[in-house]
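Some notes on the structure that comes next.
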Amino acid sequence: QVQLEESGGGLVQAGGSLRLSCAASRLTVSNYAIGWFRQAPGKEREFVGRWSGMNKYYADSVKGRFTMSRDNAKNTVYLQMSSLKPEDTAVYYCAAGPSGIQLRYNYWGQGTQVTVSS
């Protein structure tokens, strides 16, 4: 069955960097829109970024600090996070859905914890 698996989370100091991975099986990431979301304790899930076709979109809160990339050979999407802030602390999820103008995500990963210390 289709699976998405995030990895790369951990503990990092404020101002540091982390790269999250989203590895897919039985789904080709280049044929789907990939979304990144995060959820902090006691808060609602928050949109982080979306890569659909040739277009990338980032939430204002992370724009200029986070960058999505892809390795088609590994069928993996990455979220490079730089200049991290304590408010970036959350569980980060990747999701996949139809490419295009639809904003539907059919598949979700299990999440990976990112903790930014001050």
Side-chain angles (χ1 to χ4, degrees):
Q1 301 295 333
V2 170
Q3 287 187 330
L4 300 176
E5 184 174 4
E6 302 95 333
S7 61
L11 176 65
V12 64
Q13 294 180 359
S17 299
L18 281 175
R19 188 180 73 165
L20 305 183
S21 299
C22 176
S25 61
R26 298 182 181 89
L27 177 157
T28 301
V29 296
S30 61
N31 293 335
Y32 285 78
I34 302 296
W36 286 93
F37 299 84
R38 66 187 183 187
Q39 188 167 22
K43 296 184 179 180
E44 292 293 309
R45 186 174 60 201
E46 177 187 14
F47 169 77
V48 173
R50 175 181 170 89
W51 189 356
S52 179
M54 297 185 296
N55 302 122
K56 296 177 182 178
Y57 310 89
Y58 298 94
D60 288 342
S61 59
V62 307
K63 193 174 299 181
R65 300 188 298 119
F66 290 12
T67 302
M68 290 177 285
S69 62
R70 186 174 69 209
D71 186 334
N72 289 335
K74 295 182 178 179
N75 202 30
T76 298
V77 172
Y78 303 99
L79 182 68
Q80 178 67 49
M81 307 185 297
S82 301
S83 301
L84 284 163
K85 306 173 181 179
E87 52 263 43
D88 294 319
T89 295
V91 176
Y92 283 72
Y93 301 89
C94 66
S99 184
I101 64 172
Q102 297 182 74
L103 295 176
R104 184 177 75 248
Y105 296 96
N106 300 315
Y107 309 104
W108 292 79
Q110 83 289 346
T112 186
Q113 176 71 49
V114 172
T115 302
V116 184
S117 65
S118 60

Open item on the list: Does L103 form a side-chain contact (heavy atoms from CB on, under 4.5 Å) with F47? I'd like the steps, not just the answer.
Closed with: CA-CA 11 Å; L103 295 176; F47 169 77; over 6 Å; no
Open item on the list: Taking salt bridge (charged side-chain N to carboxylate O under 4.0 Å, His left out) as the cut-off, I'd like each qualifying pair that reaches into residues 49-61, sequence neighbours left out, listed once.
Closed with: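 Output for this query lists D60-K63.
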TODO: Sequence neighbours left out, what pairs pass salt bridge (charged side-chain N to carboxylate O under 4.0 Å, His left out) with at least one residue falling in residues 64-81?
DONE: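 Output for this query lists R65-D88.
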- [ ] With the side chain counted from C-beta on, respond yes when Y107 and Q3 share a heavy-atom pair under 4.5 Å apart, and no when they do not.
- [x]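 Side-chain contact under 4.5 Å: no.
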- [ ] Can you sort out the partners of E46 under salt bridge (Lys or Arg N to Asp or Glu O under 4.0 Å), two or more places apart, ordered by chain and number?
- [x]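 With neighbours one apart ignored, the set is R38.
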Taking only residues two or more places apart in sequence or in another chain, which ones pass side chain to side chain contact (heavy atoms under 4.5 Å, CB included) with [X]?
X	answer
Q102	P98, R104
E87	K85
Q113	T89, V91, T115

Taking side-chain hydrogen bond (donor to acceptor under 3.5 Å, both in side chains) as the definition, give me every residue that meets it alongside [X], ordered by chain and number, with sequence neighbours left out.
X	result
T76	none
S83	none
N55	none

Open item on the list: Check for me, please, whether W51 and L79 land in the same ILVMFWY cluster - side-chain distances under 4.5 Å, paths through other members count.
Closed with: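 Same hydrophobic cluster.
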- [ ] Please answer: with hydrophobic residues joined when any side-chain heavy atoms are less than 4.5 Å apart, are W108 and V77 in the same cluster?
- [x]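 W108 does not cluster with V77.
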Open item on the list: Can you pull out every ring-ring contact (aromatic ring centres under 6.0 Å, His included) where at least one residue sits in residues 69-103? Sequence neighbours excluded, please.
Closed with: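 As it turns out, there is no ring-ring contact (aromatic ring centres under 6.0 Å, His included) pair with a partner in residues 69-103 once direct neighbours are skipped.
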Open item on the list: If we ignore hydrogens and angles and just use 3.5 Å, is the side chain of E6 paired with the main-chain N or O of G111 as donor and acceptor?
Closed with: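 Yes; judged by distance alone, with no hydrogens or angles, the pair exists.
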Distance-only check: which donor-acceptor pairs under 3.5 Å involve side-chain atoms of residues 11-37, not counting sequence neighbours?
from	atom 1	to	atom 2	distance (Å)
R26	NH1	Q1	O	3.1

Open item on the list: One pair to check against side-chain contact (heavy atoms from CB on, under 4.5 Å): Y58 and V48. What are the steps and the verdict?
Closed with: CA-CA 6 Å; Y58 298 94; V48 173; 5.8 Å; no
